[in-house]
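Below you'll find the structure, written out as structure tokens, and then a few comments.
Chain A is the first sequence line, chain B the second, and so forth, proteins listed ahead of strands; every chain is numbered from 1.
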4 protein chains.
Amino acid sequence: MIRVSIMGAAGYLGGELLRLLLGHPGTSIAQAVSTRFPGRRVDSVHPNLRGQTDLVFTAPDDLERCDVLLTATPHRATMKLLPEVRDRAETVIDLSGDFRSPDPEVYERYYGVPHAAPELLGEFVPGIPELFRAELAGAGLISVPGCAATAAILALRPLSGLIGPDVQIDARTGSSGAGARAGDTNLHAERSGAMRVFAPVRHRHEAEVARLTGLNARMTATGVEAVRGVQVVCHATGTSDERTLRRAYRDHYGTEPFVRIVAHRTGAHRLPDPKLLSGSNYCDVGFAVDGDRITAIAALDNLVKGGAGAAVQCLNIRAGEPETLGLGFPGLHPV
Amino acid sequence: MIRVSIMGAAGYLGGELLRLLLGHPGTSIAQAVSTRFPGRRVDSVHPNLRGQTDLVFTAPDDLERCDVLLTATPHRATMKLLPEVRDRAETVIDLSGDFRSPDPEVYERYYGVPHAAPELLGEFVPGIPELFRAELAGAGLISVPGCAATAAILALRPLSGLIGPDVQIDARTGSSGAGARAGDTNLHAERSGAMRVFAPVRHRHEAEVARLTGLNARMTATGVEAVRGVQVVCHATGTSDERTLRRAYRDHYGTEPFVRIVAHRTGAHRLPDPKLLSGSNYCDVGFAVDGDRITAIAALDNLVKGGAGAAVQCLNIRAGEPETLGLGFPGLHPV
Amino acid sequence: MIRVSIMGAAGYLGGELLRLLLGHPGTSIAQAVSTRFPGRRVDSVHPNLRGQTDLVFTAPDDLERCDVLLTATPHRATMKLLPEVRDRAETVIDLSGDFRSPDPEVYERYYGVPHAAPELLGEFVPGIPELFRAELAGAGLISVPGCAATAAILALRPLSGLIGPDVQIDARTGSSGAGARAGDTNLHAERSGAMRVFAPVRHRHEAEVARLTGLNARMTATGVEAVRGVQVVCHATGTSDERTLRRAYRDHYGTEPFVRIVAHRTGAHRLPDPKLLSGSNYCDVGFAVDGDRITAIAALDNLVKGGAGAAVQCLNIRAGEPETLGLGFPGLHPV
Amino acid sequence: MIRVSIMGAAGYLGGELLRLLLGHPGTSIAQAVSTRFPGRRVDSVHPNLRGQTDLVFTAPDDLERCDVLLTATPHRATMKLLPEVRDRAETVIDLSGDFRSPDPEVYERYYGVPHAAPELLGEFVPGIPELFRAELAGAGLISVPGCAATAAILALRPLSGLIGPDVQIDARTGSSGAGARAGDTNLHAERSGAMRVFAPVRHRHEAEVARLTGLNARMTATGVEAVRGVQVVCHATGTSDERTLRRAYRDHYGTEPFVRIVAHRTGAHRLPDPKLLSGSNYCDVGFAVDGDRITAIAALDNLVKGGAGAAVQCLNIRAGEPETLGLGFPGLHPV
């Protein structure tokens, strides 16, 4: 059994890590660390885990050694915290935004503060098995990309060489991505039914997409009515026909366990929709073409393939386990 | 022009009062008082009023004399505040829960603290025109009932003498009733799609229903997915047939401008549904009968007929204006 | 491997049966029968199953022998169909409303037509493991109760002897319960955000509750904004205190794998809410007491514990498998 | 009083025309024509109009002469119908898609069939008062643009000369735009919470935007969770700074009664969101800039400013009435 501890276990990503690991046959949860709720039962914060565990949150100071440490702690705090806990586990998988770029200047441009641990940045392997499976197998430090970044990277990678360098990405997100802390903008009466363009230009995740695809990627992001789910619609130019594009996607993802190609001509479910993916580790990718315009689309559950599920997939690879272990839930329909 | 001031103008009921009064041809808004946002533009807090007004919030200490003062301030705070501002206007219309019962013991039982101004309790006329039209015409102090209480009272009053004394009321409410202050339970990710029984027994509004109907009323309340809207389903016993019940409702509400009888045999809209009533001052009432069981149903917009609209309707009556002035919006379909 | 076939496999309950059985280690799906879509891929109708199966729908005439036959076909049609297919499997588990009462007069009263196979009615064991575990182990014919009936029965059974005979049940339901056929009342623009009292009196499921609890149960039902989920709020009278009630629930459900007691004093998740249960086989039950009034509450996913999950649980019992096999998904939070 | 008749009065746009005209002090409704429901009360189909009118639907054959005829009939049917009814009124305002382009080839490309009345195409004035106020004052035939087209045109027109020719428009729409006829894709369980990219390339409205802005406009459209509302996010390139852009918007819309500039730096309501606009005739426009990228955003209610409200605004202009008559409802918050 792989002994896994989670920091930031009371947040939404933390709760999803707990759910996945409690259902994972090859891991045991050593500690669930929370600064807010030490001593409280885990299922008092994550009520879906009632009957699944008697685990109690641990205070950060009581973190012990484990095999894998998962950090689902806030942006800006994690870069200070991670150097302190680096030695508690052979492998640390970070789900925050703090170690996603190797370049501290990129960090400062998108997060507004200088990086506190620039010396560590170069050591992280991006937590995208579809691109870095070999590197992940031996990684000591893994950084799971932003949810919209993962979606866009998986949508765009097969188009490498088939599209021009400029890509405009339109991301739509559910409210869980903003975390479990209440604020005026997250109030149900305000957020319900909204189409809130919270990043009309320069969404943070564009830097990750640019780096890992080599494209000049720009990202806009809008919060729409959903709790879970991210969808990206990527606008590109190119001269390939549908058959060529489909072949490119198949070549990339034909054997991937968690990427499905969804690109039909008709039907309500012809293209990727996160509605079908709640709780699932799938990233669905699709495309359409009209003359010289190519639209690439991807959808995923921001808390699973866009966070906790990607982390578990990386953990499985790192530990030499079957990559799909504990990640079998296919999603619901209708829901 | 009737000069009206609003205390608690930055809350959701305050915003709705502003919307209604800005569209009211017989009133002018003297001051919009807010403790949180003095000096800020009203439309920065209530964005639907952009282009409708240049009004700026006033600090409470700067409240001046006016013709009618509307208090949409929080429960428990209002009973301390109201005696201090009572003399600023000939008429004060309170939308809080603090002056709804003439009996301070009832207040303490349901609100958990002793009443701070028990000497005023007996002076308030309930803000239900359908029951107290004559008294409202000369009232100096008016207390608008709770939104679920208004709905239940209007559903049950025509059944007086036709049903037994025990009534179980099942109320379902939108999230706006909890106000504009963010908290863990109001977070979109938590509240969205919920069916949250927040008062399995003894909802506060049952005391108002009991007093104004003479029934032994019990109320359960559940938050469901909606921002606006209250619906009550009242379970009673009686031996009347459908024709008798319909006549009773017609006798009570045949000439009422804001109560509609909605009781059809079939169709998606056969019975009252708050979905149709957002922004409207209507209370729809309906019923069904099966043997000795009678179900009475009512729906309204908690911020309009359940709050700000009722207050404006009372204001119209008090001022001798046509009762429907400024309250003409019928609601949308579909929405 | 138990060879299972499904009739009505293109409906919502059919899709949920497919999802559960595809993830079940002890069963194989022999045939997925559909009158509408014979020859089409199962995942073209149930898009959440993409990548899970290559199964194709079979025409009804091609139904072969199997170990267990699950009928998820429409009310009124099933009673004609079932006698014809009874001999295809040792065990038939029916999810329709047609075989829930042993009394054909009750059927006619609630479904409006005479029963077509009254001779079979007495043979069915109700698909509620918590009440009929022993009988289910040897049953040839099993009828899964209505989703709201299951919820109400599980909420009320522990109160036997502690409450008076009259119980008023208030059920709230998501839209998936109305099935996968489009109609004017199911249109998104009409149904979204609704609080639609579709059964103000005499909801069909009340007959099942009455029979299996011995109570004089009446049921009202309202469609609220949700796709999945049923919640019942049961209003009863009694003189027990909270401790006695809690003990009664513990005595009944302390060892049940799929019933959780959720009855806290405070918190957003203090009482059962179907929001937490999408995809899960749990039925959460809770209660509150105020003087002589007792409120019992239950929540479940209408397509899982209220349908397909209950059927699989019964199938496990019938086949001598561990009862929880294939039913481990705990539900998501937030969602 | 202007005597107005409506064809297609039982649809969603028809219902919205009825609501607006019933509240309009300068018009009377002569006839509400419906092929499906002749003889039925209007409020049996549009339940929000209960208590507002006793009007009954008229059969198409009984259409009489009136001052203004509004056609809210389906695409493809309207082009056959309109020539037949052209002479019933001095002014015909069409809300369908059939007369939006003067070029029959454009029609055929986007609607898939040849145009049935190409000789009329050149006579229509587009129903956008902000661009064609003078022409509308004397128009006999008016064609209200598509809802997403109106939004995009109003967002982009002020940028003329400030942006490059290529614009990618990302439209998000509510479900009411698909009309009141039920179908598998409109089923609540399927459409609820969806992010459905129904036009990944070449949405019909792009042709209108291209024609009226002179840009090489491409449009993608996604159905998101909402009943009403359209939002467009337009991606363009340019070198102007924020101040220049703001001046351009002010120059265009400073005196427009129904266009508001919403472009703040922070806050939940910093940019246009249709959530605030249900029932309102406002189109909110905003923008943001990052280097050489300009994002222009607009939001409106598809049934009001994107349809019935625009028609009434045009009718007011055509009749020499104040342009805002009957269009005063500002929208709700929260909702």
Side-chain angles (χ1 to χ4, degrees), chain A residues 11-12 15-16 18-20 22-23 25 43-53 174-177 179-180 192-193 225-229 253 256-262 264 266-273 275-280 282 284 301 303-304 328-335, chain C residues 11-12 15-16 18-20 22-23 25 43-53 174-177 179-180 192-193 225-229 253 256-262 264 266-273 275-280 282 284 301 303-304 328-335:
Chain A
Y12 287 155
E16 202 65 359
L18 286 164
R19 175 181 74 84
L20 292 171
L22 286 169
D43 64 7
S44 72
V45 171
H46 303 301
N48 60 324
L49 302 182
R50 287 167 177 156
Q52 304 284 311
T53 179
S175 63
S176 62
S192 173
E225 176 57 49
V227 171
R228 291 183 177 228
Y253 300 133
E256 281 297 337
F258 292 117
V259 183
R260 298 187 294 199
I261 303 168
V262 176
H264 300 284
T266 57
H269 306 289
R270 61 181 284 212
L271 289 165
D273 184 342
K275 173 176 159 75
L276 297 173
L277 300 172
S278 282
S280 144
Y282 283 119
D284 285 347
D301 180 334
L303 297 180
V304 188
F329 182 68
L332 299 170
H333 173 256
V335 73
Chain C
Y12 287 155
E16 201 66 359
L18 287 163
R19 175 181 74 83
L20 291 171
L22 287 168
D43 65 4
S44 73
V45 171
H46 304 300
N48 60 322
L49 302 182
R50 287 167 177 156
Q52 303 285 311
T53 180
S175 62
S176 61
S192 172
E225 175 59 49
V227 172
R228 291 183 179 227
Y253 300 132
E256 280 298 336
F258 291 119
V259 182
R260 299 186 294 197
I261 303 168
V262 176
H264 300 284
T266 58
H269 306 290
R270 61 180 286 212
L271 289 165
D273 184 343
K275 174 176 159 72
L276 297 173
L277 299 174
S278 281
S280 144
Y282 284 119
D284 285 348
D301 180 334
L303 298 180
V304 189
F329 181 68
L332 300 170
H333 174 257
V335 72

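- The candidate with the highest count of non-hydrogen atom pairs below 4.5 Å against chain C, out of A:L332, A:L276, A:V335, A:L277, is A:L332.
- Summarising the geometry of C:R260 relative to A:P47, their closest heavy-atom pair is NH1-O, 4.1 Å, with the distance given to 0.1 Å.
- Within the 4.5 angstrom heavy-atom criterion, only backbone atoms of A:V45 (N, CA, C, O) approach chain C.
- Residues A:R19 and C:P330 approach most closely at CG-CG, 4.1 Å, considering heavy atoms.
- For A:R50, the side chain to side chain donor-acceptor pair (under 3.5 Å) test picks out no residue, with sequence neighbours left out.
- No side-chain heavy atom of C:L49 sits under 4.5 Å from any side-chain heavy atom of A:H333.
- With sequence neighbours excluded, the residues that form a side chain to side chain contact (heavy atoms under 4.5 Å, CB included) with A:P334 are C:Y12, C:S176, C:V227, C:R228, C:L303, D:A189.
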